[in-house]
Amino acid sequence: MKQLAGDYDHIIVGAGTAGCIVANRLSADLKRRVLLLEAGGRDDWMWYHVPAGYLFTIGNPRSDWMFRTESEPGLNGRSLAYPRGKVIGGSSAINAMICMRGQAADYDGWRSLGLEGWGWADVLPAFKRVEDHFLGKSEHHGVGGEFRVEAPRVRWRVLDAVREAAVQAGVPAIDDFNCGDNEGVSYFHVNQKRGRRWSAATGFLKPALSRKNLRLEMHVLVERLIVENGRACGVQFSRGGERFEVRTAGTVILSAGAIGSPQILSLSGIGRHEWLAPVGIKTLLERRGVGSNLQDHLQQRAIYKVSGVKTLNEMYHSVPGRAWMGMDYLLRRRGPLTMAPSQLGIFMRSSSAERRANIEFHVQPLSLDKFGDPLHRYPAITLSACNLQPTSRGTVRLRSADPEAPPLIAPNYLATAQDRAVAADAIRCTRRIMAQDAVRAFSPEEFLPGPKVGDDTEALAAAAGDIGTTIFHPVGTARMGLADDAEAVVDARLRVHGIERLRVVDASVMPTIPSGNTNTPTAMIAEKGAGMILEDFS
């Protein structure tokens, strides 16, 4: 076992969104020595920076951990690809770039669990600190932060029509999803700058790497935490066939994400005894919440064929179309290559019984079988509806004691009657929107789930299982909770219950999933978490 040279106050595991922000904030104090460990490499491939590059980075082992779920009963036995970024910037280097905070009620719900400091009024300042918003400084937005937020740089006539159709179906038109109540229809704001993806690595990590007190080590696989006398004091990792150990008298911070952080905790003997013993790991600390409480947004990808209007499908398969897209991007940084995977958002209630918006549509001027596959050759659009507040809970468990073995990921989608009812209602909402006058001129033809699927709730729920796939929002697998909560992994200051000097700062600490895309909430958690560490170790 080799010792990694250096003396560090903080060791951060994972250079995704959270890790990049924590490394930036902690190393701003030049007296603090910070080590950042990352399994991936540099973002030195053009498709990390061209926004439409997600078509090439997702499902590519160069950039994606290539995880898969177990066979899901709620998805009629299907196993899904489960993309997670494996590069500096993590999933912010391959994700949808959508800037979405969720709803004020999400965070007030966290506070109601006894988690002081996590209500909407508490988290809003952190959201504002990290952003540099094109709308300027206001009650809701900040400027001067490292995460650039801009308006989309391409418009599609067919999406304008769907927006009007949503209004005709009773959804209010709004300009901004990020003011605490996102019910409405609008275009998403995106983490881009002048037509380029603006990842956490670009915004937070790279500017900080010039600091002599911040060290980044890449292509390392963290195998376990070093815990002695109830205190985290280092990390063991491997690289290139060699094993290393690095120690700290300060704090160890897990920012490996909702899959990686519970995996590393489990490999270190922190978790459920009945899950650890079968794979030969001795239980160091019983924390039943490690790997439990997995939540994700399941999107139901409804596809409609259209006519008489342009979509990306036919442009993608046209040589002149591709040439035009390339030139438009090179000369103006505009056009389809600047597209996030989804441009138009619709937040609405699946039924009149809901007290707030509980489904989100990602509307796309394209269609494909799954990300990583070519676009279809016929003109079509996709309306992906996801349940924002799912009640189903899944797990992340070790497959074996081998750190290189991918974990067992079982999201347990559509496991509750409530989730199946919302899934059925979401398809009904999709059909209602696509039946409005605003889109009638394009002769929309339902391709998926298809007109043969009737209006029966069970039939619609089964169809949702056929067309459902992850929208890449795993959270909750090391959730916050009070000391007397046996399922809690960390407290409200993100300290692991029962282990000193160990924190988890990433999406895994969320007790419940926010009502929207999860990258921006993860950035907020990192901003607050870094501040707590600075306060506690000042």
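Treat the numbers as computed from the prediction; the structure is a model and nothing was measured.
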*Given the rule in the side-chain contact (heavy atoms from CB on, under 4.5 Å) test, do Phe361 and Ile433 qualify, once you have shown the distances and angles that lead to the verdict?*
CA-CA 11 Å; Phe361 284 89; Ile433 291 170; 4.2 Å; yes
Tell me if a side-chain donor or acceptor on [X] pairs with a main-chain N or O of [Y] at a distance below 3.5 Å.
{"X": "Arg393", "Y": "Pro390", "result": "yes"}
{"X": "Ser261", "Y": "Ala256", "result": "yes"}
{"X": "Ser92", "Y": "Ala200", "result": "yes"}
{"X": "Asp64", "Y": "Ile58", "result": "no"}
{"X": "Arg153", "Y": "Arg333", "result": "yes"}
{"X": "Arg301", "Y": "Leu368", "result": "yes"}
{"X": "Arg239", "Y": "Met218", "result": "yes"}
{"X": "Asp106", "Y": "Ser515", "result": "yes"}
{"X": "Gln389", "Y": "Ala357", "result": "yes"}
{"X": "Asn191", "Y": "Arg148", "result": "yes"}

Would you mind reporting whether [Y] and [X] have side-chain heavy atoms less than 4.5 Å apart?
{"X": "Phe244", "Y": "Glu217", "value": "no"}
{"X": "Arg215", "Y": "Leu4", "value": "yes"}
{"X": "Trp65", "Y": "Pro406", "value": "no"}
{"X": "Asp369", "Y": "His376", "value": "yes"}
{"X": "Cys99", "Y": "Trp198", "value": "no"}
{"X": "Leu388", "Y": "Gln103", "value": "yes"}
{"X": "Phe237", "Y": "Pro403", "value": "no"}
{"X": "Val162", "Y": "Val439", "value": "yes"}

Drop me the distance from [X]'s [atom1] to [Y]'s [atom2], to the nearest 0.5 angstrom.
{"X": "Ile381", "Y": "Thr311", "atom1": "CD1", "atom2": "OG1", "result": "9.0 Å"}
{"X": "Gln300", "Y": "Thr430", "atom1": "CD", "atom2": "OG1", "result": "7.5 Å"}
{"X": "Met100", "Y": "Asn517", "atom1": "CE", "atom2": "CG", "result": "5.5 Å"}
{"X": "Arg84", "Y": "Ile259", "atom1": "CZ", "atom2": "CD1", "result": "6.5 Å"}
{"X": "His140", "Y": "His133", "atom1": "NE2", "atom2": "NE2", "result": "11.0 Å"}
{"X": "Arg503", "Y": "Leu494", "atom1": "CZ", "atom2": "CG", "result": "7.0 Å"}

*Kindly determine whether Ile21 and Glu146 satisfy side-chain contact (heavy atoms from CB on, under 4.5 Å), including the steps that lead there.*
CA-CA 9 Å; Ile21 294 173; Glu146 294 88 347; over 6 Å; no
_Test applied, side chain to side chain donor-acceptor pair (under 3.5 Å); reference residue, Arg33; option that passes from Thr248, Asn213, Asp9_ =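 Among the candidates, only Asp9 passes.
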_From Thr338, Thr202, Asn95, residue fulfilling side chain to side chain donor-acceptor pair (under 3.5 Å) relative to Arg197_ =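 Running side chain to side chain donor-acceptor pair (under 3.5 Å) over Thr338, Thr202, Asn95 with Arg197 returns exactly one hit, Asn95.
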Between [Y] and [X], do the side chains contain a donor N or O and an acceptor N or O under 3.5 Å apart?
{"X": "Asp296", "Y": "Tyr413", "result": "yes"}
{"X": "Asn313", "Y": "Ser367", "result": "yes"}
{"X": "Asn519", "Y": "Thr17", "result": "yes"}
{"X": "His362", "Y": "Glu360", "result": "yes"}

Should we count [atom1] of [X] as having more than 12 external heavy atoms under 6.0 Å?
{"X": "Asp175", "atom1": "CG", "answer": "no"}
{"X": "Arg349", "atom1": "CZ", "answer": "yes"}
{"X": "Arg194", "atom1": "CZ", "answer": "no"}

*Would you call the rings of Trp45 and Tyr48 parallel, tilted or perpendicular, where under 30° means parallel and over 60° means perpendicular?*
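Correct class here is perpendicular.
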*Determine the interplanar angle of the Phe147 and Phe204 rings, folded into 0 to 90°, and report it as parallel if under 30°, tilted if 30 to 60°, perpendicular if over 60°.*
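Judged by the thresholds at 30° and 60°, the geometry between Phe147 and Phe204 is perpendicular.
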How close do [X] and [Y] get, heavy atom to heavy atom, and via which atoms?
{"X": "Val504", "Y": "Ala478", "answer": "CG1-CB, 4.4 Å"}
{"X": "Arg211", "Y": "Ala28", "answer": "NH1-N, 3.2 Å"}
{"X": "Glu131", "Y": "Gly142", "answer": "OE2-N, 2.9 Å"}
{"X": "Tyr107", "Y": "Pro514", "answer": "OH-CB, 3.8 Å"}
{"X": "Leu80", "Y": "Thr469", "answer": "CD1-CA, 3.7 Å"}
{"X": "Lys128", "Y": "Ser138", "answer": "NZ-O, 3.2 Å"}

Salt bridge or not between [X] and [Y]? Use side-chain N to carboxylate O under 4.0 Å.
{"X": "Arg157", "Y": "Asp160", "answer": "no"}
{"X": "Arg356", "Y": "Glu183", "answer": "no"}
{"X": "Lys206", "Y": "Asp43", "answer": "yes"}

*Apply side chain to side chain contact (heavy atoms under 4.5 Å, CB included) to His317 and list each qualifying residue two or more places apart in sequence or on a separate chain.*
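Checked His317 against side chain to side chain contact (heavy atoms under 4.5 Å, CB included); matches are Leu375, Arg377.
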*Any residue meeting side chain to side chain contact (heavy atoms under 4.5 Å, CB included) with Asp176, in chain and number order, not counting sequence neighbours*: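 Asp176 satisfies side chain to side chain contact (heavy atoms under 4.5 Å, CB included) with Leu135, His141, Asn178, Cys179, His189 only.
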*Going through the distances and angles, do Arg62 and Phe56 end up as a side-chain contact (heavy atoms from CB on, under 4.5 Å)?*
CA-CA 10 Å; Arg62 175 174 181 171; Phe56 308 101; over 6 Å; no
Ring of [Y], cation from [X] - is the NZ or CZ under 6.0 Å from the centre and inside 45° of the axis?
{"X": "Arg129", "Y": "Phe127", "result": "no"}
{"X": "Arg322", "Y": "Tyr316", "result": "yes"}
{"X": "Arg163", "Y": "Tyr187", "result": "no"}
{"X": "Lys310", "Y": "Trp324", "result": "yes"}

*asked:* Suppose we call two aromatic rings close when their centres sit under 6.0 Å apart. Are Phe472 and Tyr54 close by that rule?
replied: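 Not under 6.0 Å, so no.
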*asked:* Does Lys193 form a side-chain contact (heavy atoms from CB on, under 4.5 Å) with Asp132? I'd like the steps, not just the answer.
replied: CA-CA 10 Å; Lys193 188 170 185 178; Asp132 183 25; 5.7 Å; no
